[in-house]
Number of protein chains: 2
Amino acid sequence: MKTLRVPEATVTRMSIYSRFLERLDRNGITTISSNEIADGVGVSPAQVRKDLAYFGEFGTRGVGYNVQTLLKYTLRILGLDQTWQLAIVGAGNLGQALTTSRGFNARGFHVACVFDHDTRRVGQRIGQLLVQPLGQLPELAQKENIRIGVITVNNSMAQEVANIMVQSGVQAILNFAPITLRVPANIEIRNVDLSITLELLTFNLGLKAAQSL
Amino acid sequence: MKTLRVPEATVTRMSIYSRFLERLDRNGITTISSNEIADGVGVSPAQVRKDLAYFGEFGTRGVGYNVQTLLKYTLRILGLDQTWQLAIVGAGNLGQALTTSRGFNARGFHVACVFDHDTRRVGQRIGQLLVQPLGQLPELAQKENIRIGVITVNNSMAQEVANIMVQSGVQAILNFAPITLRVPANIEIRNVDLSITLELLTFNLGLKAAQSL
DNA sequence: TTGCAATTGTTATAATTTTCACATAATATA
DNA sequence: TATATTATGTGAAAATTATAACAATTGCAA
Ligand SMILES: NC(=O)c1ccc[n+]([C@@H]2O[C@H](COP(=O)([O-])OP(=O)(O)OC[C@H]3O[C@@H](n4cnc5c(N)ncnc54)[C@H](O)[C@@H]3O)[C@@H](O)[C@H]2O)c1
Ligand SMILES: NC(=O)c1ccc[n+]([C@@H]2O[C@H](COP(=O)([O-])OP(=O)(O)OC[C@H]3O[C@@H](n4cnc5c(N)ncnc54)[C@H](O)[C@@H]3O)[C@@H](O)[C@H]2O)c1
């Protein structure tokens, strides 16, 4: 299989293009140019074409791209031509918000179960789901074909939960705890780190203040 | 002011180093080397030193870095030697989770007010705060010295809310809606995009599956 | 048909970011 | 005091990523 290494930034943008195309499609737009995509998502047209070129030729010169076709390709490329079963561990504030969020289902993600270790949480209903005891994770992960685990427990527990997920056969982890987790190299892991993003803002605001002195 | 342009990735890592240093400090560790920092957060030692070098010389050759000193510098660099007042707009699932999250305060962020346009939400209590009507945003932003706005409204409303924030004098926006917002160039904006991160995972899982064929 | 306008795919160039290697400085030891 | 050890700061090299430019292709109109 001769797949050129694709920059992570390109994958990120593919996801953005894909969602933009979804919106166009909903609005009945059938054809679009790299220029318009670029404009819609705030990158350069050359970037759009370069990104797409990593995966193939999807457009027609002189014409542009067919929205539905390109959308289908982006979904396939991102692995969204299937449903992904998720498990959320940590049924606190964030875990509950994520569980009830319909945003997930829209793009092929399905929260199959929610776990907590606190006996007061276990058995509680969140949306359609009952909170399961953490001990059930290995068994349910197997049974429900969970490939992606979401960590929304307290910072100090995150590593432990990650370990259990790995042992349970989870292949990828989405971590919300602002902690660098250690996992085997064959496990995919990404963090959603609010603080980092906020601090990027304050850094830049600080820079501006300094520059205007 | 002769400040070299700093890569955004460097700022991101500064935030990670900073939090790692906080943990070291809590654990009573006083000195640390670039090697150990690198190890702790999963980057290369050269990267750590290069990143720090953008901002000055903080270490002692042959010795390493004093944890408390370096922590203080990283906080200052990131603009966290002050309190930042936030306003959250959208008191739904996510907005509520963010409001009650103590994670914020830990690093100098303070949720000063929460807004919603839904009359059923307005007046509700979330933690210490009462949900305010959206119309109050301009006035309260002024009064509470809000410089950062957080958008947690439905996707279709996000742009409108961003516009109001800008008009209200907010200088930076943290957006959770998976939409590319248009704001004036002098406004700092970042997105926290869950889907992108999840799709990075599924892309990589898909790649692996393809490679093992 | 032929020429023109539009827009892609791709090659070349530039910019940015990371890695490497080592000179430099501090500390400890004999 | 000389020597060995440790670990920073940095300039140069390598790798990666983004931008720019343009040849190739398509559709349309004259
Ligand atoms: N709340 C937010 O808006 C927000 C935003 C960004 C990041 N985060 C991060 O997300 C994480 C959770 O935040 P939260 O506000 O939801 O906290 P929370 O305290 O409301 O919820 C944590 C939940 O995890 C459970 N838990 C703890 N250890 C566990 C374990 N070993 N196994 C199973 N369950 C366990 C607790 O019982 C609790 O229900 C934290 O790391 C926080 O920093 C939260
Ligand atoms: N819930 C999650 O875990 C989650 C995770 C990631 C991203 N998001 C994104 O965050 C956003 C909000 O998600 P949610 O689950 O909290 O939705 P939600 O429906 O629970 O909450 C949205 C809230 O915004 C309010 N609102 C809508 N328009 C408004 C306006 N113009 N002014 C003021 N308030 C307004 C609504 O009244 C509602 O209370 C969405 O864009 C979603 O995609 C949510």
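Chain A is the first sequence line, chain B the second, and so forth, proteins listed ahead of strands; every chain is numbered from 1. Keep in mind it's a predicted model, so treat the numbers as computed, not measured.
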- Message: If you take any heavy atom closer than 4.0 Å to DNA chain D, which residues from residues 63-77 of chain A end up in contact?
- Response: A:V63

Distance-only criterion, 3.5 Å: show the donor-acceptor pairs between side-chain atoms of residues 35-42 of chain A and protein atoms not counting sequence neighbours.
residue	atom	partner	partner atom	Å
A:E36	OE1	A:S33	N	2.9
A:E36	OE1	A:S33	OG	3.2

- Does B:Q47 make a side-chain N or O approach to OP1 or OP2 of C:dT19 shorter than 4.0 Å? yes

Under 3.5 Å between N/O atoms: give me all the protein pairs with nucleotides 20-24 of chain D, atom names plus distance.
residue	atom	partner	partner atom	Å
D:dA24	O4'	A:R61	NH1	3.4
D:dA24	N3	A:R61	NH1	3.3

- Query: Can you list every pair that meets salt bridge (charged side-chain N to carboxylate O under 4.0 Å, His left out) and has a residue in residues 48-74 of chain A, with sequence neighbours left out?
  - Reply: A:R13-A:D51

- Message: Can you see whether B:R107 engages B:S18 through a side-chain donor-acceptor pair at a distance of less than 3.5 angstrom?
- Response: yes

- Item | Given D:dT10, C:dA26, D:dA18, the nucleotide with the shortest approach to the side chain of B:T60 | C:dA26

- Query: Between A:E36 (CD) and C:dT8 (C1'), how many Å, whole number?
  - Reply: 14 Å

- Message: Treating B:E199 as the side-chain partner and A:L78 as the backbone partner, does any N or O pair qualify as donor plus acceptor under 3.5 Å?
- Response: no

- Heavy-atom neighbours of B:F20 CZ exceed 12 at 6.0 Å: yes

- Message: Less than 4.5 Å apart, side chain to side chain, heavy atoms only: is that true for A:F176 and A:L98?
- Response: yes

- Task: Give a yes or no on whether B:Q68 atom CD has more than 12 heavy-atom contacts from other residues, nucleotides or ligands under 6.0 Å away.
- Result: no

- Task: Answer yes or no: is there a side-chain heavy-atom contact under 4.5 Å between B:L140 and B:I146?
- Result: no

- Query: Can you list, by residue number, the residues of residues 15-34 of chain B that have a non-hydrogen atom closer than 4.0 angstrom to DNA chain D?
  - Reply: B:S33, B:S34

- Task: Please list residues of residues 196-205 of chain A whose heavy atoms come under 4.0 Å from any atom in DNA chain C, ordered by number; otherwise none.
- Result: none

- Here the distance between atom P of C:dT18 and atom CG of B:D51, to the nearest Å, is 7 Å

- Item | Exceeds 12 heavy-atom contacts within 6.0 angstrom, atom OH of A:Y73 | no

